[in-house]
Every structure is written in C-alpha cells, then in structure tokens.
Trainee: 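My structure is below; once you've seen it, I'll send some questions.
Start at 1 with the first residue, then count along the sequence. All ligand and atom numbering here is 1-based and tracks the order in the structure. Please read these numbers as outputs of a predicted model, since none were measured by experiment. Only this structure's heavy atoms are used, side chains among them; waters, hydrogens and symmetry mates stay out.
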Amino acid sequence: MSQYHIKNLEEYFQVYRKSVQHPELFWEEIAEENFVWRKKWDNVLSWDFSKPELKWFEGAKLNITENCLDRHLHVRGDKTAILFEPNDPNEEPEHITYKELHERVCEMANVLKDQGIQKGDRVCIYLPMIPELAISVLACARIGAIHSVVFAGFSAAALATRINDSDCKIVITSDGSFRGNKTIDLKGIVDKALESCSCVETVLVAKRINSEIVMKKGRDFWLAPLLEAAYKDCNAEIMNAEDPLFILYTSGSTGMPKGMVHTTAGYMVYSAYTFKNVFQYSENDVYWCTADIGWITGHSYIVYGPLANGATTVMFEGVPNYPDWGRFWEIVEKHKINQFYTAPTAIRALAKENLSFVEKYDLSSLKVLGTVGEPINEEAWHWYNDNIGKKKSPIVDTWWQTETGGIMISPIPFSTPTIPTFATLPLPGIQPCLMDENGDEITGNQTNGRLCVKFPWPSMARTIWGNHQRYKETYFSTFKDKYFTGDGALRDATGYYRITGRVDDVIIVSGHNLGTAPIEDAINEHPAVAESAIVGFPHEVKGNALYGYVILKEAGEGRDQDNLSKEINQLITERIGPIAKLDKIQFTSGLPKTRSGKIMRRILRKIAGKDTSNLGDTSTLLNPDVVQEIMENAL
Ligand code: WT7
C-alpha cells in the first residue's frame, strides 16, 4: 500500500482530498500497485445509484486467492498465515504457513470440483471457527464458486432459509463444535435443516469433536479422506472483476434475511487497503480479530484483508470466558498479539470481571486496539484504553456494515486523534453525508442526521441475491442518489462522526444485527399468540436487549405466563437462534397503533427503556388507552 499508506494526519488529509477529487485515479493506483491481475481493467468505475448499478475495475481478470496465497509463496511461504488457537487452552495451537494454506486450499478446491461444484455454484459453509472454515472459504474463491457462510450459531430453520434462498448445492459442516465447556451438534442441525432443502446434493463433514453422528449414504462424506486423496495444486479460476465472490446474509425489516452479494475485484481492493491502514499492520506483526468468520468482520478482517497483505491472522475457536475470563489476555500474551480487534459487548462483559484476569498477563505487545459492531460507550472505551492499551495503544472505533464490505469511518492509528464514542473520520474514498427528514443534505457541522454515502466505493454490496428490487428499495430509495445506511449519526464541530444507532427496525444486540420482523414472525407462530412487537432497550453488557410485547389469543388467556415466556423463547431459538431470545416479555391486551394500523414502536421503545417522561402526543392513536395499560404493567 506504499503510496497511500497513511502515517500521519497531514498525509491522511492529502490522501483523502485526492480520493474525493480524483476517485477513479486514486483507486486505480491502489489496484495497480498492490495486487496481481491476470488482466487489467478497461474502466475503473461506472455507476448509477438510481438503478442501482455499480461496476468497479470492469474488464479486469483475477483470482482473489492468487492475491491472498500464491503471490506470497516466494516471499513469505514459511510465514504463518493462519494461527489457529483452539477452544481448549491445553490443545496445541496450529501454525499454518502460507505454503501449507495454499496446499490445503487447493486440496479443498479439488474436493469441491470432484463433487461437481463449478464456477458460479453456491456453497453453504456451516462450520465452527476451525481452519477448515477459512480453507473452505478460500477454496470456493479458488474455483469461482460463491460461498455463503452461515454463522454456526443459527438454528436449523434459519440455516434452511439461507440454503434455499441461494440454492446451495453443497453444505460444508463438521460433526460438532466446541464452545467453552459445551459441545454443539452441528451435523444434527444440518440434518434437520436439509429436511426442507431439496437443492443440496452433498454434505462434506469435517471431524472436530469425534461425536457419533449419522451419515446419510450417498449424501454425506467425511472430509479428511477426500482431502487426503486430493491433488495439492489447483489452478485458480480466472474471474471477472464483477463476478460474485460471496453471499452473506444480514437481517432486514422483513422476515426474509437479505443475501448481500459481494463481487471480486472491488471487495479485494477495499478490504486489503483498509486492513493495512486501519490496523497499520507491518510484516512481523500478529493480528487477532475475535469475530467469527460467519459475520462480515471475519470475512474481511480475518480472511481476505489480512491474507491479501501477507499477514499472520489468528483464528480463535473458543469464547472469552473459558476456562476463565482471562482467556483473551492469555492468548494476547502467548502469541504476542500486536493488533487486537473485538466488539464493545465483549469489552463490557470483560470489564465487569475482576481486573486480576487482565493483570496476570503481559499485554505489552499490543500496538493497536479496535472495536466494531455497535456504538462503544464511554465507560467501556476508557476501560479498554486504560487496562488493555495502557493508554499507549490507539483505539480504532470502526464503523461499517455487512453491506459496505469494509471499514468506512475509523481513526487511522497514530494519525487521527481519537475521542471516545466517535468513529471519527471517513477513510479515503468514502464520502459520507447527513440527511434531514425532508431528504436534504445537512451541510454544516454540529448536526444530527441520517447517515448516507454519496459516492461509490469498491466494496459496496452489488445487490441482494435474487431480489434487486429490495436492494434498491432498502438502500437507494429513502434518499435520492444516496446510499442509505439505516444509521443515525452526529457530526461534531471538527467533522468527526459519532454513530448514534439504527433508525430502522433493526436492533443491534451484542453486536449482532437482528431484524424485528423475523423475531415477531417466530413469536406469532406460537398457537397462543395473536400479535407481537419487539423493541430494543439499553442493556449493560449487550448494548441493547430485546423486549417483546405479546398479545394472547383466547387460547392463551389464563395460561401460566412464565411457561408461555419460556415457550416463546424456545420458538425463537428454533427459528433463529439463541442470540435472538427476549430478555423481557410483557403480555398486553393491545399495542399502540396509528389510524393506518402501524404499530408505534417509538412509544414501545420508550416504555421498555423506562423513559416515559415524554411520550409525545398519543391522542391521535387508534387506541390511546392501551398506552396507560402497557405503562402500568411494564417490566
Ligand atoms: C450495523 C451493521 C460491520 C461489521 C459488524 C456489524 C452498527 C457497526 C459500529 C460502530 C456504532 C456500529 C451500525 C451498522 N455498527 N459498527 N463502530 N459504531 N455502530 O455488521 O451486522 O452488518 O451491522 O452495526 O448500526 O449499521 P452488521
């Protein structure tokens, strides 16, 4: 990233200015200098937000795995690419060098080919955080298959929805997974999901926990013997710049998750460029992002961004509190981690525990700390800064989304002065703006507005799989010719951005993006439930927790409410996963609605958050009396 590798604030402003004045030239130079191409592009960018249509590096040919693997073989073949830290601290970590990773990706790619997987086919990956996960992702990219990683905490029903939506031919999974002192029967979940997926022909199973599982004849195959028999070399499929690289599902405001589609060249350029600048990675560093590869953070900043930079990237299988709350810091000491990237919810959970868990370990290797996924509150920021970074390591509060593919607003460490709770300034190439309720851009500083982006960047999602209309409506219809993020933000006097939270029906719980609609759909399936509404309320560790208002049918009246609550949470766990369970459930006779029948979530949010001093005018509601009832019985 020579030319545009930022090392001080002045450089940031210079580079930023250039990126706005000459965006195409700017990205062209980055693409030219830092990657290997089979053929260069004919045109850097063409775009039309009204359609919306976006093309970056059109005409170029490449394979992203040649950039993440092959080109490193001669310069850093024996360097650790992936450092796997198992769930059990007594199990040996695994250092996978670039040479080994290349071989293992090629073997996996050959196995997929043997199973008939071709360029453009969709491959569902449902794996825990073990090396096979990263290897499967890269193997798909190697042969031009489109990977769809589903986080292995999702339920069978959620997995089935995602498999069917993108018509996956094959599922890669494992017998089970370790999570602290528990094991999870992943293969059992896959079996259940596949009862309703006719598109899947093959299931490849990695062995991890050595559990007894049922293998369906002709459909299920153990991975290890297939890998062993496979060739260690596999030619990379030559891809067009705009060929899809992967699909990753994110929650939306309807029940159906949105399969965000990312394409090859732009995603590669942006994830690699931002990794380099935001973490200031240098050759001998060891970098650790604690996210799961099942989320975009893991795609861009465990796999593609770091590997495109020839970095050593840690993959951690376990959880922060196993065997105790010192585990993260034990790993930092053991592997001499230089850059550490985690979520505010993890920081808040860690900060609640005794400081001795931190003080036991030598954290002096740390140079840069990062956060992602939700706003970080001031208290958590200071705890992180004081106790982990010892006030020496800058904290990068990185704002971005599944849809943006890479970090959009973030300090550049050692260049951008940080202020707690501010994601600070846009990265080069990013042109954010704030919009008011009338759809006009707010130009001054010290204002609040809806956060949009007015110019394309290379790693924008290009569409929603199978539903371009929904893509257009969700992101490009609220404000003309702007990409709408769904977030609110404040811009201070110096132009720093602070993200204030979602302005739509998405709630961020422990850094996980949850749509209210799919949860309400799950609750409404309960035979005793007539209707429900979900809102978020502030929670000490999770950031937000879920509060459900439930109206019962006649059948449910007189039933024990604790039991009903348990059944409702059980249903949510089955339909979506445990991450979407409700913290509080209030049974009510009605919900506040407008005269057109729309639920007034604003009122429900205030009641859930115990902030009822100013509920606004409720007299225009269809049923103003219900507000009083809900307030009296609030939990
Ligand atoms: C939403 C996107 C980006 C990877 C993980 C989440 C919220 C994300 C921040 C931050 C405040 C943040 C936004 C955004 N968010 N980072 N630094 N400060 N809010 O990806 O699941 O697509 O969620 O997460 O609300 O829209 P995602």
Side-chain angles (χ1 to χ4, degrees), residues 149-151 153-154 246-253 257-262 267 270-271 274-275 278 289-305 341-348 369-378 380-381 384 395-411 416 418-427 430 432 450-453 459-461 464 474-475 478 483-490 496-515 518 536 542-544 577 579-580:
V149 183
V150 177
F151 172 59
F154 276 116
F246 65 86
I247 301 169
L248 186 61
Y249 287 89
T250 187
S251 310
S253 54
K258 297 174 288 192
M260 305 312 307
V261 176
H262 283 284
Y267 175 81
Y270 195 77
S271 61
T274 51
F275 174 76
V278 172
C289 164
T290 70
D292 192 289
I293 293 175
W295 311 115
I296 190 72
T297 308
H299 281 61
S300 303
Y301 300 111
I302 296 177
V303 182
Y304 289 116
Y341 191 27
T342 196
T345 183
I347 298 167
R348 288 190 295 265
L369 301 176
T371 75
V372 60
E374 55 185 315
I376 181 164
N377 50 307
E378 198 142 353
W381 193 97
Y384 200 29
I395 296 177
V396 292
D397 174 352
T398 64
W399 173 83
W400 57 298
Q401 310 178 292
T402 305
E403 296 85 338
T404 68
I407 298 168
M408 302 286 281
I409 303 183
S410 166
T416 319
T418 58
I419 303 179
T421 77
F422 282 82
T424 75
L425 298 169
L427 293 184
I430 304 307
R450 316 229 141 175
L451 182 62
C452 290
V453 187
S459 65
M460 295 180 79
I464 292 173
T474 310
Y475 304 105
T478 316
Y483 166 80
F484 176 44
T485 66
D487 283 321
L490 172 153
Y496 272 22
Y497 286 88
R498 166 200 259 166
I499 313 305
T500 48
R502 301 290 311 184
V503 293
D504 57 8
D505 290 339
V506 170
I507 305 169
I508 313 268
V509 179
S510 299
H512 299 310
N513 201 328
L514 298 173
K542 300 180 186 181
N544 295 296
I579 49 176

Trainee: Considering only the protein, which heavy-atom contact is closest to atom 11 (C) of ligand 1, and what is its distance?
Mentor: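 For this ligand atom, the closest protein heavy atom is Pro375 N, 3.1 Å.
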Trainee: Looking only at protein heavy atoms, identify the closest one to atom 5 (C) of ligand 1 and say how far it is in Å.
Mentor: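 Nearest protein contact, heavy atoms only, for atom 5 (C) of ligand 1 is Thr297 OG1, 3.4 Å.
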Trainee: Check whether Thr424 reaches the backbone of Thr418 with its side chain - one donor and one acceptor, N or O, closer than 3.5 Å.
Mentor: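 Between the backbone of Thr418 and the side chain of Thr424 there is no qualifying donor-acceptor contact (under 3.5 Å).
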Trainee: Could you state the interatomic distance from NE2 (His262) to OH (Tyr304), rounded to the nearest 0.5 Å?
Mentor: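 Atom-to-atom, His262:NE2 and Tyr304:OH are 11.5 Å apart.
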Trainee: Taking a cutoff of less than 4.0 Å between a non-hydrogen atom of the residue and any ligand atom, is Trp400 in contact with ligand 1?
Mentor: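 Yes, Trp400 has a heavy atom closer than 4.0 Å to ligand 1.
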Trainee: Atoms of ligand 1 less than 4.0 Å from Asn513 heavy atoms?
Mentor: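 In order of number, 2 (C), 21 (O), 22 (O), 23 (O), 27 (P).
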Trainee: I need the Asn513 CG to Tyr249 OH distance, nearest 0.5 Å.
Mentor: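 Between Asn513 CG and Tyr249 OH, I get 15.5 Å after rounding to 0.5 Å.
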Trainee: Which is closest to atom 25 (O) of ligand 1 by heavy-atom distance: Thr402, Asp397, Asp487?
Mentor: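 It is Asp487 whose heavy atom sits nearest to atom 25 (O) of ligand 1.
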Trainee: Residue-level breakdown please: for Arg502 versus ligand 1, do any non-hydrogen atoms fall below 4.0 Å on the side chain, on the backbone, on both, or on neither?
Mentor: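 Answer for Arg502: side chain.
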Trainee: Which of the atoms of ligand 1 are close to Thr398, meaning less than 4.0 Å from one of its heavy atoms?
Mentor: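 Reading through ligand 1 atom by atom, the close ones are 9 (C), 10 (C), 16 (N), 17 (N).
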Trainee: For Trp400, which residues count as a ring pair (Phe, Tyr, Trp, His ring centres under 6.0 Å) partner, sequence neighbours excluded?
Mentor: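 Checked Trp400 against ring pair (Phe, Tyr, Trp, His ring centres under 6.0 Å); matches are Tyr301.
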Trainee: Would you check if the distance from the ring center of Phe246 to the ring center of Tyr267 is below 6.0 Å?
Mentor: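 When the ring centroids of Phe246 and Tyr267 are compared, they turn out to be within the sub-6.0 Å range.
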Trainee: Ligand 1 versus Ile296, non-hydrogen atoms closer than 4.0 Å: side chain, backbone, both, neither?
Mentor: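 The answer is the side chain.
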Trainee: Have a look at ligand 1 and work out which part of Glu374, if any, has a heavy atom under 4.0 Å from it: side chain, backbone, both or neither.
Mentor: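 Just the backbone.
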Trainee: Looking only at distances, can you tell me whether any N or O atom of Gly373, backbone or side chain, sits closer than 3.5 Å to an N or O atom of ligand 1?
Mentor: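 Min N/O separation from ligand 1 is below 3.5 Å for Gly373.
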Trainee: Show the atoms of ligand 1 that are less than 4.0 angstrom away from any heavy atom in Ile508.
Mentor: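 With Ile508 as reference, the close atoms of ligand 1 come out as 1 (C), 7 (C), 24 (O), 25 (O).
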Trainee: Just to be sure I read this right, does ligand 1 sit under 4.0 Å from the backbone of Val506, its side chain, both, or neither, counting only heavy atoms?
Mentor: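 For Val506, there is no contact with ligand 1 at all, from either part.
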Trainee: Using a 3.5 Å distance criterion without hydrogens, assess whether the side chain of Thr421 forms a donor-acceptor pair with backbone atoms of Asn377.
Mentor: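 Absent.
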Trainee: Among residues at least two apart in sequence or on other chains, which ones pass side chain to side chain donor-acceptor pair (under 3.5 Å) with Thr297?
Mentor: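 By the side chain to side chain donor-acceptor pair (under 3.5 Å) rule, Thr297 matches no residue at all.
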Trainee: Once you round to the nearest 0.5 Å, how far does OG1 of Thr404 lie from CD1 of Ile409?
Mentor: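 Result: 9.5 Å between the selected atoms.
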